[in-house]
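Following: one structure in C-alpha cells, then a few remarks.
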Amino acid sequence: MANTIIGRVLATEKNPTTIDNFTFWTDPELILNPFDIVKVQHVNNSFSYGVIEDIAHITDAASFLTNFISSDFGDVNAEENTLRVGMNYVTAKVVCNTENIYIPLQSNAKVMLATAEEINYALGLNDIRNPLVCGYLEMYEGTKGCEKVTLPVNLNSKFIIGPEGAHLNISGISGLASKTSYAMFLLKAIQDSYMKKDPQNEDEDSVAFVLFNVKGKDLLAIDQLNDFSDERNPEQARKDTFAKYEKLGLAAEPFKNVQYYYPYSIPKTRHWNTYMTPEEVEDNIKKKKAKKYKYIYKYDKENLDLMFANIDDSTQTMESIISYIMSGQGKFNQVSDWQEFLEAVKEKCSTETSGKDKEIPVASWRKFYRIINKSITDNKIFARDIREDEGETRIGDALKYIKKNEVHVIDIAKLSEDKQAYVFGDAIRTIYDLQLGQYAGEEGVNPPSRVVIFIDELNKYASKETPKNSPILRQVLDVAERGRSLGVVLFAAEQFRSAIHDRVTGNCSTHAYGRTNSIEVTKSDYKSIPSVYKTMMTRLKQGEYIIQNPIFRSLLNIKFPKPIYKQFK
C-alpha cells in the first residue's frame, strides 16, 4: 500500500540523526530488507528518501544475563511472566530530498513505504539519458500490506561504454556468481540498443564486440537460441525468461552478426585446439560464420614479446633478444618462417657463438629458445601460410575489418596459458592500433566508434602478481587509462577483485559484485561498502548482483534473467 506509515525517526543523545544517516523504529514483525527504499517526512513540506542498510532488534534487558535470569535461570521451556519491551530499529542512508534540504531528519518524523515512482525518483532512475537496461529491482518482498515492487533499472550507456565513463569489472566466485552470464546480458542490451539506431547516419555512435571464450563451449553458440534443456521445466523457464526480456525492453533473440574464430588444428590429432567437434567447425566455416586462425612469422614476429607476458624479465635480457631479432641483426634478416626462426635462435645457443655477441650471453639465448621452442613447435597455430579459401585467417587481419554491431568471438579455451596470453595480447594490440587510426586509409577499414572487449579470468593478465614488465599488463593498463577516449572499452571478470591491479579496477566506472566468500570481503577493495552489504555478498543467489555506477545514488541489488543464447553443460 503506497505511503503506509511503518515507523518514526529516532534521535537520541548517543545516536543522533545526521545529514547522511538516520534510524527509525518499526514493528518487530514487519519484513524489510537491505536496499529497500523508505520515504520520510521532512521540513518545508519536503520528503527525504533513504536506503535501508541494517536492521536490529533491541529490548529493555540491560544485559544477556538479564534475559537468562528472567527465563527461570536458563529453563528453555519457561514462559516469561512479563513480556520484555522490544522493537526493531532500522539504520538507513539518506539518498536524496525532494527540495534539496539536507539538514538532519527530525525526531519522530513519519517513515513510509515508497511507491514505484518514488523509488525511481529516489535512486535517480526516473530521468536517465541514453538508457541502457542493466537488470531489475525487487523491493518489499514479503512486506505486509505492500505488493512487491519490480522495476527495470537503466543506466546511462555513456557511463559504461564512454565517453563519460567506461569499463566494467565483474567479480564473484566460480559457478555461483554467473559472471559470464551477466556480462553477456549487458552486451546483449548494448547490441539491442545500437541495432535500433539509424543505419544511414554515419555520424551516430556505433559499437562492435570482441569476446574471448575461455571455458569449454561457453560462448561458441551465442547466435543460437537457448532451448532451456537443462531446466526442470524447459517450457516454463522459456516462457518466464522471454517475459522478463520483454518487460526489460529487450528482444528475446540471441546475438546477431556473430563471427567465430577457432585456433587452427588438424582433426583426429592430439592437437585439436577447440572443444567444438571437427564437424561443427567445418559446418560453421561453410556457413561463413567461422574461421580458423593462424600466426605467420612474416606478420606476427612483431608480437614475440607477448610470449613472455608471464615471465619476470627484471634484467631485460629477453627484451634485448627480441630487439636484436626485430632489427634483423645476425641471420634474422634472412628468416621467412617459424622453423627458420627457431634454427636461427638455436644457432645463437651454441657456445661457439658466445664470444661473438658480448651484449647477450649464451645462457639468455638458451632460455629464450626453451620458451619460444615450446610455444611454437607444440601447436599448429604457428604456420607457414594462410589459405583463405579454406576459411583461414590471422586474428590481426580479421579484427582490422570489424564493423559496427558485429560480435567477434575468439576461442582460446583449449590453448595453453602462454598461447592464450599471446592471442589475447595480439587481439588487444590490434584493436588498440585500429582505434588509434594505424590502419586508416586501408581499403575496407571502417571501424565503429567503440569496441567492447570482454575477457573472463582477467587475473591471468592483470593481477597484482603479474610481472611489471609484462607487455600484456602494459596493454591492459593502457586500455583502462586511455581506452575511454579512444573508444576501446574493457568488460572484465574474475573470481577475486582484490587480486586485480589497482589501476585497472580504479579506472572502471561500473562495478558488479556477485557472490563471494567472507575472506574476500575483508580486503581493502571493499572498505567503502557498508558491512551489511558485504555480508549479503556472501549469500547472493545466481542471477543477482550488487551494482555500483556513478549515476546511481546508492549501490543497487539487481537481478537479471537467464541467458537467451544456447547454453552448454
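Every heavy atom of this structure was used, including side-chain atoms; hydrogens, water molecules and symmetry mates were not. Bear in mind that the values here come from a model prediction, so they are computed numbers and not experimental data.
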message = For Leu151 and Asn120: C-alpha separation, side-chain torsions, deciding distance, then whether side chain to side chain contact (heavy atoms under 4.5 Å, CB included) applies.
response = CA-CA 8 Å; Leu151 289 171; Asn120 259 330; 3.9 Å; yes
request  = Could you please spell out the steps behind the side chain to side chain contact (heavy atoms under 4.5 Å, CB included) verdict for His42 and Tyr102?
outcome  = CA-CA 10 Å; His42 203 18; Tyr102 289 101; over 6 Å; no
query = For Val40 and Phe22, what are the C-alpha separation, side-chain angles and deciding distance, and is it a side chain to side chain contact (heavy atoms under 4.5 Å, CB included)?
reply = CA-CA 10 Å; Val40 188; Phe22 65 97; 3.7 Å; yes
task = In sequence, state the C-alpha distance, the side-chain angles, and the governing distance for Asp223 and Tyr260, and then conclude on side chain to side chain donor-acceptor pair (under 3.5 Å).
result = CA-CA 10 Å; Asp223 61 329; Tyr260 299 100; 2.7 Å; yes
message = Pair Leu10, Phe24 - check side chain to side chain contact (heavy atoms under 4.5 Å, CB included), show working.
response = CA-CA 5 Å; Leu10 289 163; Phe24 64 92; 5.6 Å; no
task = Take Ser171 and Gln495 through the test side chain to side chain donor-acceptor pair (under 3.5 Å) and record every step on the way to the result.
result = CA-CA 5 Å; Ser171 56; Gln495 285 197 49; over 6 Å; no
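The distance between the ring centers of Phe35 and Tyr533 falls below 6.0 angstrom. Note: Phe212 and Phe454 fail the aromatic proximity criterion, with ring centroids not under 6.0 Å apart.
Nearest heavy-atom pair, Ala480 versus Asn507, reported as atom, atom and distance to 0.1 Å: O-CB, 3.3 Å. Here the shortest heavy-atom pairing between Leu225 and Ala252 reads CD1-O, 3.9 Å. Counting all heavy atoms, side chain and backbone alike, Arg515 lies closest to Thr538 at NE-O, 3.3 Å. When every heavy atom of Ile103 is checked against every heavy atom of Gln106, the shortest pair comes out as CD1-NE2, 4.3 Å. A pairwise comparison of heavy atoms in Lys404 and Ala208 identifies CA-CB, 4.5 Å as the closest pair. Smallest separation of non-hydrogen atoms from Ala251 and Asp192: N-OD2, 2.9 Å.
With contacts defined as side-chain heavy-atom distances shorter than 4.5 Å, the pair Asn108/Val9 does not qualify. Between Asn517 and Glu520 the shortest side-chain heavy-atom distance falls below 4.5 Å. The shortest distance between side-chain heavy atoms of Ile547 and Phe552 falls below 4.5 Å. Side-chain atoms of Lys217 and Asp411, non-hydrogen and from C-beta on, never get closer than 4.5 Å to each other. Lys247 places none of its side-chain heavy atoms less than 4.5 Å from the side chain of Lys244. Side chains of Asn213 and Ile410 form no contact here, defined as non-hydrogen atoms less than 4.5 Å apart. The closest side-chain heavy-atom distance from Ile119 to Tyr140 is below 4.5 Å. Counting heavy atoms from C-beta on, the side chains of Ile190 and Leu132 come closer than 4.5 Å.
A side-chain donor-acceptor contact under 3.5 Å links Thr98 to the backbone of Phe47. Remark: the backbone N or O of Ala243 is not paired with any side-chain donor or acceptor of Glu246 at under 3.5 angstrom. Using a distance-only test at 3.5 Å, with no hydrogens or angles considered, a donor-acceptor pair links the side chain of Lys179 to the main chain of Gly172. Looking at Thr17, its side chain does come within 3.5 Å of a backbone N or O of Leu105 through a donor-acceptor pair. Between the side chain of Thr241 and the backbone N or O of Arg238, no donor-acceptor pair lies under 3.5 Å. With hydrogens and angles ignored, the 3.5 Å screen pairs no side-chain donor or acceptor of Asn257 with any backbone N or O of Glu406. Listed for the Ser178 side chain is no donor-acceptor partner under 3.5 Å among the backbone atoms of Ser181. With hydrogens and angles ignored, the 3.5 Å screen pairs no side-chain donor or acceptor of His167 with any backbone N or O of Ser509. Within the 3.5 Å criterion, the main-chain N or O of Lys541 finds a donor-acceptor partner in the side chain of Glu544. With Gln191 contributing its side chain and Asn405 its backbone, the two residues share a donor-acceptor pair below 3.5 Å.
Ring geometry for His408 against Tyr261 counts as parallel: the plane angle stays under 30°, on a 0 to 90° scale with 60° as the upper cut. Classification of the Tyr513-Tyr526 ring pair by plane angle, with boundaries at 30° and 60°, yields tilted.
Heavy atoms from other residues, nucleotides or ligands lying under 6.0 Å from NZ of Lys110 number 12 at most. In Asn45, the CG atom is not crowded: 12 or fewer heavy atoms of neighbouring residues, nucleotides or ligands sit closer than 6.0 Å. More than 12 non-hydrogen atoms from other residues, nucleotides or ligands lie less than 6.0 angstrom from NZ of Lys464.
In this structure, CG on Leu113 lies 5.5 Å from OG1 on Thr4, to the nearest 0.5 angstrom. From Ile453, atom CD1 reaches atom CD1 of Ile428 across 3.5 Å, with rounding to the nearest 0.5 Å. Atom CD1 of Ile6 and atom OG1 of Thr26 lie 5.0 Å apart (nearest 0.5 Å). A distance of 6.0 Å separates CG of Asp27 from CD of Glu29, quoted to the nearest 0.5 Å.
In this model, a donor atom of one side chain and an acceptor atom of the other lie less than 3.5 Å apart for Thr510 and Asn549. Side-chain contact of His511 with Asn169: a donor-acceptor pair under 3.5 Å is absent, judged by distance alone. A side-chain donor-acceptor contact under 3.5 Å links Ser48 and Asn97. Checking Asp456 against Thr180 by side-chain atom types alone, a donor-acceptor pair falls below 3.5 Å. Side chain to side chain, Lys289 and Gln259 fail the donor-acceptor criterion of an N or O pair below 3.5 Å. With 3.5 Å as the limit, one finds no donor-acceptor pair spanning the side chains of Tyr245 and Glu253. With hydrogens and angles left out, the side-chain atoms of Ser46 and Asn44 include no donor and acceptor closer than 3.5 Å. Between Asp240 and Gln236, the side chains place a donor N or O and an acceptor N or O closer than 3.5 Å (distance only, hydrogens not considered). Between the side chains of Asn130 and Asn156, at least one donor N or O lies within less than 3.5 Å of an accepting N or O. Remark: the Tyr121 side chain and the Asp127 side chain contain no N/O donor-acceptor pair separated by less than 3.5 Å.
Between Lys460 and Glu457 there is a salt bridge, since at least one side-chain N of the basic residue sits less than 4.0 Å from a carboxylate O of the acidic one. Between Lys158 and Asp205 a salt bridge is recorded (basic side-chain N to carboxylate O distance below 4.0 Å). Between Lys562 and Glu231, at least one side-chain N (NZ, or NE/NH1/NH2) sits under 4.0 Å from a carboxylate O, which counts as a salt bridge.
A cation-pi arrangement is not found for Lys559 relative to Tyr136, the charged atom failing to lie both closer than 6.0 Å to the ring centre and inside a 45° cone about the ring normal.
Under the side chain to side chain contact (heavy atoms under 4.5 Å, CB included) rule, Val153 has a single partner from Leu248, Ile128, Leu556, which is Leu556.
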